[in-house]
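The structure under discussion appears below in the form of structure tokens.
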Protein chains: 2
Amino acid sequence: MSEVTSAHPTHVTLAVVLQVRRGELQVLLWQRAREPFRGAWALPGGYLSAGETLEQSIRAHLAAKVDVRELSHLEQLETLSDPDRSPKEWQLATTYLGLVPSDLDPELPGDTDWQPVDDLPRLGFDHGSIVLAGRERLRAKLSYTNLGFALAPAEFTISELRDLYAAALGHDVSATNLQRVLLRRDVLEQTGRRRASGPSGGRPGSLFRFRTSELEITDQFAVLRPPGPARVPVA
Amino acid sequence: MSEVTSAHPTHVTLAVVLQVRRGELQVLLWQRAREPFRGAWALPGGYLSAGETLEQSIRAHLAAKVDVRELSHLEQLETLSDPDRSPKEWQLATTYLGLVPSDLDPELPGDTDWQPVDDLPRLGFDHGSIVLAGRERLRAKLSYTNLGFALAPAEFTISELRDLYAAALGHDVSATNLQRVLLRRDVLEQTGRRRASGPSGGRPGSLFRFRTSELEITDQFAVLRPPGPARVPVA
DNA sequence: TAAGGTTTGCGACTATGGGGCGAAAACCAT
DNA sequence: ATGGTTTTCGCCCCATAGTCGCAAACCTTA
């Protein structure tokens, strides 16, 4: 049980901010200088202030670490309420998933750094499981939404996008298949330009972009569909 | 802005409890006797008490309306934080989705009743949109999980199950397709028994049951799968 | 300019799973 | 037995994903 159990819980917001850096999925963490969990790493976030919404709160706390304008996506995850999740007080935590495009490299305070999600340091509180939940949410949504836009730069070749997906999903991805799936779903479109070929030569790749930066869900996963002759293709 | 904005918000839990009754999807509501929103209908729920988790809180509040043991499923939805969502105070609300099998008919207090989700009365606060969110979550999960177990009685024919799905999804469902999909995914199994044929005659249907009442997710919706020869069938 | 190496693009083929349809099976009532 | 009703099941079609391999496009070096 908590050392202090008042009648009202405190409320914090926490964010799992993910980015693909150097070919691997990394999460934004900061190292605690004070107890509890002194020396351990923790998710960015902090207390909810009066008059704020939860989203405003997490954006404000993140602004102290990274420039908030660099966040390409932010969505709410679970709200945690185990009375023992903080050793010092009765504290609720509403968690968020944030994404940053891979071509950005925001300035960070000295106590803050990116850590690979597959090789995490010791995390304080229940933050380890929160990172797992964020990673899982990202993995799932990459499959049935256009969320890739939030990980990718404005323009990219299919090979570059394949590497992004491979890092985020944690397994190899076929470039052929990725291109076909995303083009058929109309989430990618061609820019017409090509990229200068790399240092090792080879054919230069066409540049693509995501058609929109609004989250869209593929309707294809409604398994028991309404009856009808056929779903009309876009007119 | 709220009339009263203290430094600490209050926190309530609310539940969208759904059941298929008389062939349509209905939600559990109670009619408010006091301001604000006197006379309007509202979702069951109430304040979070000291030492509780959010799930314990909503279960306790629901116990005052329906016997909690009748809930076949309970999962967290969003946590709402608009400072103006309650006219009387700064109040956060963590919402839940609850499901009740269609063969149960719990005792209800006098102020409480089931209402069809397609023809709702006037709802107080933001409860209208919460009901929508719950309905949408149910619809989605019926497609890619075995969540149907939470709507169905212990045994049923395919036709009966089709009617349940049709009511929950809001559109017709093919019995042939439903059976094939759920059997292939191994979520349904046959009991061996048959149901006596109905009043209008006809061939008696075989009785089925859900293989498990634990929530399981069909892995089939990972679109960009890991490479490999084939996913091995269950050995 | 030709040859060889590297990377991208793309079509062909296969596998899987959902949707539609109709015939056969199983039951009741007359 | 005959007809009406409901369930069951096989068959075919189509959409989409996964795999493979070759051609195209580019660079470097000879």
Study note, to complete from the structure: Correct closest heavy-atom pair for B/Ile130 and B/Leu14 would be CD1-CD1, 4.0 Å
Review point. Do you know which of A/Tyr165, A/Phe210, A/Phe208 makes ring pair (Phe, Tyr, Trp, His ring centres under 6.0 Å) with A/Phe156?
Key: A/Phe210
Point to revise | Distance, rounded to the nearest Å, where B/Asp163 contributes CG and D/dT7 contributes C1' | key: 13 Å
Practice item. Calculate the interatomic distance between A/Asp172 atom CG and D/dC20 atom C1'; express it in whole Å. Key: 16 Å
Practice item. Would you classify A/Thr176 as touching base, sugar-phosphate or nothing, given that sugar-phosphate means primed atoms plus P, OP1 and OP2, and contacts are heavy atoms under 4.0 Å? Key: base
Exercise for review: Using whole Å, report how far CD of A/Gln190 lies from P of C/dG9.
Suggested key: 8 Å
Review point. Just checking A/Arg185: base, sugar-phosphate only, or nothing, at a heavy-atom cut-off of under 4.0 Å?
Key: sugar-phosphate
Study note, to complete from the structure: Out of C/dG18, C/dC10, C/dT8, minimum distance to the side chain of B/Val181 belongs to C/dG18
**Study point:** Presence of A/Arg184 side-chain N/O under 4.0 Å of D/dA17 phosphate oxygens OP1/OP2
**Key:** yes
Exercise for review: May I have the distance from A/Phe208 (atom CZ) to C/dT8 (atom P), rounded to whole angstrom?
Suggested key: 12 Å
Check your understanding: Closest nucleotide of DNA chain D for B/Arg180 versus for B/Glu160: which of these residues is on the 5' side?
Key -> B/Glu160
Check your understanding: Nearest-Å distance, CG (A/Leu183) to P (C/dG9)?
Key -> 11 Å
Check your understanding: Is it true that the side chains of B/Thr13 and B/Thr94 contain a donor and an acceptor less than 3.5 Å apart?
Key -> no
Practice item. Figure out the CD/P separation between B/Gln179 and D/dT7, and round it to whole Å. Key: 11 Å
Practice item. Taking only the side-chain nitrogens and oxygens of B/Ser206, find out if one of them lies under 4.0 Å from OP1 or OP2 of D/dT8. Key: yes
Practice item. Please state how far atom OH in B/Tyr165 lies from atom P in C/dG18, giving the value in whole angstrom units. Key: 13 Å
Review point. Can you check whether B/Arg85's main-chain N or O pairs, donor with acceptor, with B/Asp126's side chain at less than 3.5 Å?
Key: no
Review point. Does A/Ser174 put a side-chain nitrogen or oxygen below 4.0 Å from OP1 or OP2 of D/dT19?
Key: no
Point to revise | Residue whose nearest DNA chain C nucleotide is more 5′ - A/Ser159 or A/Leu224 | key: A/Ser159
Review point. How about B/Val100 and B/Val66: do any of their side-chain heavy atoms sit closer than 4.5 Å?
Key: no
Point to revise | Selected nucleotide, minimal atom distance to A/Arg203 side chain, candidates D/dT7, D/dA17, D/dA23 | key: D/dA23
Review point. Quick one: B/Leu188 CG to D/dC9 P, roughly how many Å, whole number?
Key: 13 Å
